[in-house]
Amino acid sequence: MMYLLFTADSFMQSALDEIGKAARYGILDSQRNILLIESEETRIEKFEDMKFVYGAFPIHCKSDLDYEDYLGSLYRGIASLNLERNKRLKLECFDINCKIGKSAKDIEVAVGKMLESEGYNINIIAPEVLAYVVLLNGKSYFGSMKLGGRYGFVNPFRIYKSKNVSRSEFKIIESFSEFGIKTPGLVVDIGAAPGGWSAFLAGKGAAVVAVDSADLDYESIGRLGLCCNVSQDKSKVDLDNLKGGCILHLKMRSEDAIDLLPREAADMLVDDMNVGGIDSAETVIKISGALKRGAVLIMTLKCMHRNVMAYISEVEEGINKEFEVKRWKVLPHNRQEITLFAIKR
Ligand SMILES: C[S@@+](CC[C@H](N)C(=O)[O-])C[C@H]1O[C@@H](n2cnc3c(N)ncnc32)[C@H](O)[C@@H]1O
């Protein structure tokens, strides 16, 4: 079985170490960190466990890209996948560097029409199967997969359309789906500005205490129909008036909020502060008294060292006293950072 795998610059070597254990690989595009790997393993789950790989496409066949008759050749490639015609099918084209004169979207429409005229059940709204072609280095790579929860993991090209507060929110959206997190009641969000994570969490019905000395984007948050109050008050935080779907912005550094938060009250702590992982871990420990036992911690690790594994271990050690680290992973929309998922002891 062949797979196209995607990693990020900073994690290329670590990804190769992981993959090397599992399979033979070739680097198809070192600039974009795209690898073609061959493996005995036919189940994609194997790659989902890889921490430094943020996307994986199973590839069932490949051919040289026919520039003269590219629509015809792409149609034939998809047809050769022998997909069931009665299944609702969506086609996606990812033109990485071939630029054949039509946009990927136009190719999808044109080839989709050809498939439809041959009796395939094209359905882009509620597909059961995704068929795709990846155009890379003069070749076309074809594959398909059943759609389900894993689609987000598998498709590194999927770009969420943001109408919300900040692009950062993609990181928390992906954390929720990757780590299977349920909607919390009360969340503390440290390093919250401009408020993408807070808005996402409040939009899910959580009550959010957002801590950051910078302003949130109150206007965008309001446009989403969410309430947001600001407090610079250094007295205890009153949670009685903080309802689900609302944000209380403590306009101060996290270190200054530690003693203000009620003890053992929150179901979740999210930390996207742009400070080094070790400092971040220290703050997380200090603020952890505000969390219930079993509360979820999501933390992004920034400022990578060359020795990624040693850096992660150091952060894990830093929070180990209060948290059990469950998983960590490089997520598709957060390729320069590691996202860590832990549970309060
Ligand atoms: C990457 S941004 C967070 C983006 C945010 N998650 C969102 O969705 O909009 C990092 C934030 O961390 C904040 N920050 C850095 N050090 C902090 C500290 N000690 N306490 C609180 N916030 C801090 C910065 O002010 C900045 O707004």
Side-chain angles (χ1 to χ4, degrees), residues 8 10 159-179 181 183-184 186-204 206-224 226-228 230-234 237 245-261 266 268-291 296-304 315 318-319 328 330-341:
S10 6
I159 305 295
Y160 294 98
K161 296 264 184 295
S162 177
K163 55 178 177 13
N164 297 346
V165 180
S166 75
R167 266 190 57 81
S168 282
E169 78 178 5
F170 303 140
K171 306 197 263 183
I172 194 75
I173 291 171
E174 279 172 356
S175 300
F176 264 64
S177 85
E178 178 71 32
F179 304 126
I181 298 169
T183 303
L186 176 66
V187 185
V188 178
D189 177 1
I190 57 176
W197 289 24
S198 290
F200 167 76
L201 291 157
K204 277 183 139 325
V208 183
V209 179
V211 190
D212 201 309
S213 45
D215 283 333
L216 303 197
D217 180 349
Y218 308 111
E219 208 180 302
S220 300
I221 292 171
R223 246 199 325 267
L224 293 171
L226 303 165
C227 52
C228 183
V230 189
S231 165
Q232 288 176 305
D233 190 356
K234 296 265 166 89
V237 175
C246 289
I247 301 168
L248 172 63
H249 177 200
L250 301 185
K251 199 164 172 345
M252 60 189 73
R253 290 159 49 85
S254 313
E255 296 82 337
D256 299 327
I258 291 165
D259 296 328
L260 308 185
L261 298 166
M268 184 171 192
L269 172 64
V270 295
D271 167 14
D272 193 26
M273 290 190 297
N274 51 3
V275 299
I278 313 297
D279 293 336
S280 196
E282 247 174 59
T283 309
V284 160
I285 283 293
K286 287 185 187 149
I287 230 157
S288 65
L291 299 180
V296 166
L297 167 68
I298 293 292
M299 180 179 174
T300 55
L301 304 192
K302 301 172 166 71
C303 313
M304 287 304 149
V315 173
I319 61 170
W328 45 265
V330 177
L331 297 175
H333 273 90
N334 190 8
R335 298 174 201 173
Q336 305 310 322
E337 303 172 4
I338 288 166
T339 305
L340 189 141
F341 165 52

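All ligand and atom numbering here is 1-based and tracks the order in the structure. Start at 1 with the first residue, then count along the sequence. Values reported hereafter were calculated over all heavy atoms of this structure, with side chains retained and with hydrogens, waters and symmetry mates removed.
An N or O contact shorter than 3.5 Å is missing between Met252 and ligand 1 by distance. Here's the thing with Glu169: none of its N/O atoms is less than 3.5 angstrom from an N/O atom of ligand 1. Annotation: Trp197 places an N or O atom under 3.5 Å from an N or O atom of ligand 1; distance criterion only. Considering backbone and side-chain atoms together, Gly196 places an N or O closer than 3.5 Å to an N or O of ligand 1.
Partners of Ser254 under the side-chain hydrogen bond (donor to acceptor under 3.5 Å, both in side chains) rule, at least two apart in sequence or in another chain, do not exist in this structure. Applying the salt bridge (charged side-chain N to carboxylate O under 4.0 Å, His left out) test to Lys171 and every residue at least two apart in sequence or in another chain returns Asp272, Glu337.
Comparing Glu255, Lys171, Lys302 against atom 19 (N) of ligand 1, the shortest heavy-atom distance belongs to Glu255.
Put simply, the side chain of His249 does not reach to within 4.5 Å of the side chain of Val208, judged on heavy atoms. Proximity of His333 to Ile173: side-chain heavy atoms (C-beta onward) are nowhere separated by under 4.5 Å. Annotation: side chain of Leu331 is in contact with side chain of Ser175 (closest heavy-atom distance under 4.5 Å).
Here the side chain of Ser280 pairs no donor or acceptor atom with the backbone of Gly277 at under 3.5 angstrom.
Listed here is the closest heavy atom pair of Pro194 and Ile221: O-CD1, 4.2 Å. Residues Leu226 and Ala199 share a closest heavy-atom pair of CD1-O, 3.5 Å. Across Ser220 and Val165, no two heavy atoms sit closer than the pair CB-CG2, 4.0 Å.
Taking atom 21 (C) of ligand 1 as the reference point, the nearest protein heavy-atom neighbour is Ser254 OG, 3.1 Å. Atom 23 (C) of ligand 1 has as its closest protein heavy atom Met273 CG, 3.8 Å. Considering only non-hydrogen protein atoms, atom 10 (C) of ligand 1 sits nearest to Asp272 O, 3.3 Å. Protein heavy atom at the shortest distance from atom 26 (C) of ligand 1 is Asp212 OD2, 3.4 Å. At the top of the distance list for atom 16 (N) of ligand 1, counting protein heavy atoms only, stands Val275 CG1, 3.6 Å. Scanning all protein heavy atoms for the shortest distance to atom 2 (S) of ligand 1 gives Ala193 O, 3.5 Å. Of the protein's heavy atoms, Gly191 CA, 3.5 Å lies nearest to atom 22 (N) of ligand 1.
Both the backbone and the side chain of Asn274 come within 4.0 Å of ligand 1, counting heavy atoms alone. Residue contacts with ligand 1 for Ser213 are absent, since no atom lies close enough (heavy atoms, distance under 4.0 Å).
If you take CD on Glu169 and CG on Leu201, they are separated by 10.0 Å, rounding to the nearest 0.5 Å.
Atoms of ligand 1 found under 4.0 Å from any heavy atom of Gly195 (numbered from 1 in listed order, with element): 7 (C), 9 (O). Short contacts between ligand 1 and Ala192, defined as distances under 4.0 Å to a heavy atom of the residue, involve ligand atoms 5 (C), 7 (C), 9 (O). Remark: ligand 1 atoms within the under-4.0 Å shell around heavy atoms of Pro194 are 9 (O). Counting atoms of ligand 1 from 1 in the listed order, those under 4.0 Å from a heavy atom of Ser166 are 7 (C), 8 (O), 9 (O).
Distance check for Cys246 and Cys228: the SG atoms are not under the 2.5 Å cut-off.
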